[in-house]
Amino acid sequence: MQHFTFKLLAATLVLSPLSPAMAQSIERGEPNDNQRMMEGFGIPIPSDKQYEKLVKKAYKHPLGSQKNPVRADAAQGQREYLDRLRCADGSRPEYARSGNVGEGVYGYIVDLYEVDCGDAAPGTTQVYMDLYHGGYIEQELISGFYFADQLPAQDSPTAPDASPDISPDGNPVILQQPDVKNAPQNDTALPDPV
């Protein structure tokens with residue numbers, strides 16, 4: 001048992017420097033229609049081993065950058081990812097596709113989106129996205145954003161008022177006065193602790 005634990009610990013220590021950079025998944029789904037179309041134009045779908053190398057190469061750069069585009073399953077997957085994003089103030093950013101910017105790290109055409117939080121951080125951000133990843137749903141965040149389901153409750157613009165004077169239904173709380181007549185007097189002896 002100790003030998004197994006040591007091997008596990010050693011493997012963890014060896015891999016731990018890669019952990020932050022390897023937060024994105026190397027997993028991939030079945031090729032989508034876009035990949036099949038590109039294959040028809042002579043751009044082959046990479047093998048699993050080639051794909052893993054490409055993902056590791058991309059990991060060296062921030063997610064959403066031109067060298068590490070957000071992977072998505074078709075245009076719908078791009079929109080779904082962007083729809084999950086929230087600005088620092090909890091608001092949903094506006095976004096618009098600027099167009100494609102040529103070939104990316106995976107050998108496919110990369111799209112550029114302008115993502116705008118208005119006055120909230122991070123402001124306007126350029127997000128590069130690659131829609132040729134069938135079945136893949138990106139679980140990592142681009143810098144400066146939250147996912148809608150990860151917002152801290154107290155930072156949410158729709159969080160209820162946590163004031164102790166207001167009940168959850170919005171009505172004032174009526175505090176009861178203590179019963180002074182029946183309260184124990186200071187000279188009342190308390191039982192000895194057991």
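Sequential numbering from 1 along the given sequence is applied to the chain's residues. Quick caveat, the model's predicted, so the values are computed rather than measured.
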Would Tyr113 and Leu141 show up in the same hydrophobic cluster when neighbours are defined by side-chain heavy atoms closer than 4.5 Å? yes
To the closest 0.5 Å, what do you measure between CG (Leu131) and CG (Asn32)? 7.0 Å
Looking only at heavy atoms, which two atoms of Ser98 and Glu114 are closest? And how far apart? OG-CG, 3.2 Å
About how many Å separate CD of Gln66 and CG of Asp130, when rounded to the nearest 0.5 Å? 11.5 Å
Output, in order, the C-alpha distance, side-chain angles, deciding distance and verdict of side chain to side chain contact (heavy atoms under 4.5 Å, CB included) for Val70 and Glu140. CA-CA 9 Å; Val70 173; Glu140 297 301 315; over 6 Å; no
Determine, stepwise, if the pair Val55 / Arg71 fulfils side chain to side chain contact (heavy atoms under 4.5 Å, CB included). CA-CA 10 Å; Val55 171; Arg71 293 177 282 158; 3.7 Å; yes
Could you check whether Glu39 and Gln35, counting side-chain N and O atoms only, form a donor-acceptor pair closer than 3.5 Å? no
Backbone N/O of His61 and side chain of Asn68: donor-acceptor pair under 3.5 Å: yes
Please determine whether the number of non-hydrogen atoms from other residues, nucleotides or ligands lying under 6.0 Å from atom CG of Asp149 exceeds 12. yes
Run Ile109 and Met38 through side chain to side chain contact (heavy atoms under 4.5 Å, CB included) and show every step you take. CA-CA 9 Å; Ile109 298 168; Met38 296 305 282; 4.3 Å; yes
Closest approach of Tyr146 to Cys87 (non-hydrogen atoms, all atoms of both residues): CD1-O, 3.8 Å
To the nearest 0.5 Å, what is the distance between CD on Gln150 and CZ on Arg86? 11.5 Å
Is Tyr128 reachable from Val115 through a run of I, L, V, M, F, W or Y residues, each pair having side-chain heavy atoms under 4.5 Å apart? no
Taking all heavy atoms of His133 and all of Tyr51, pick out the closest pair and write down the distance. ND1-OH, 2.9 Å
Is there a path of hydrophobic side-chain contacts, each under 4.5 Å between heavy atoms of I, L, V, M, F, W or Y residues, that connects Ile43 with Met37? yes
Shared hydrophobic cluster for Phe145 and Ile137 (ILVMFWY, side-chain gaps under 4.5 Å): no
List the steps, then state whether side chain to side chain contact (heavy atoms under 4.5 Å, CB included) holds for Gln139 with Arg84. CA-CA 10 Å; Gln139 298 301 317; Arg84 291 170 51 211; 3.8 Å; yes
Ion pair Glu52/Lys56, N-O distance below 4.0 Å: yes
Identify the two heavy atoms, one from Val110 and one from Gly104, that lie closest to each other, and give their separation to 0.1 Å. CG2-CA, 3.4 Å
Distance col, row Asp33:CG vs Asp73:CG, nearest 0.5 angstrom, shows 9.0 Å
Would a single hydrophobic cluster contain both Leu82 and Leu112, if residues Ile, Leu, Val, Met, Phe, Trp and Tyr are joined by side-chain heavy-atom contacts under 4.5 Å? no
Nearest 0.5 Å, please: how far is CG in Asp89 from SG in Cys117? 7.0 Å
Closest approach of Ala58 to Val105 (non-hydrogen atoms, all atoms of both residues): CB-CG1, 4.1 Å
Asp83, Asp116, Thr125 screened by side-chain hydrogen bond (donor to acceptor under 3.5 Å, both in side chains) with Tyr95, the one that passes: Asp83
When rounded to the nearest 0.5 Å, the distance separating CD of Glu138 from CE of Met129 is 8.5 Å
Residue pair Tyr108 / Ile45: nearest heavy atoms and the distance that separates them: OH-CA, 3.6 Å
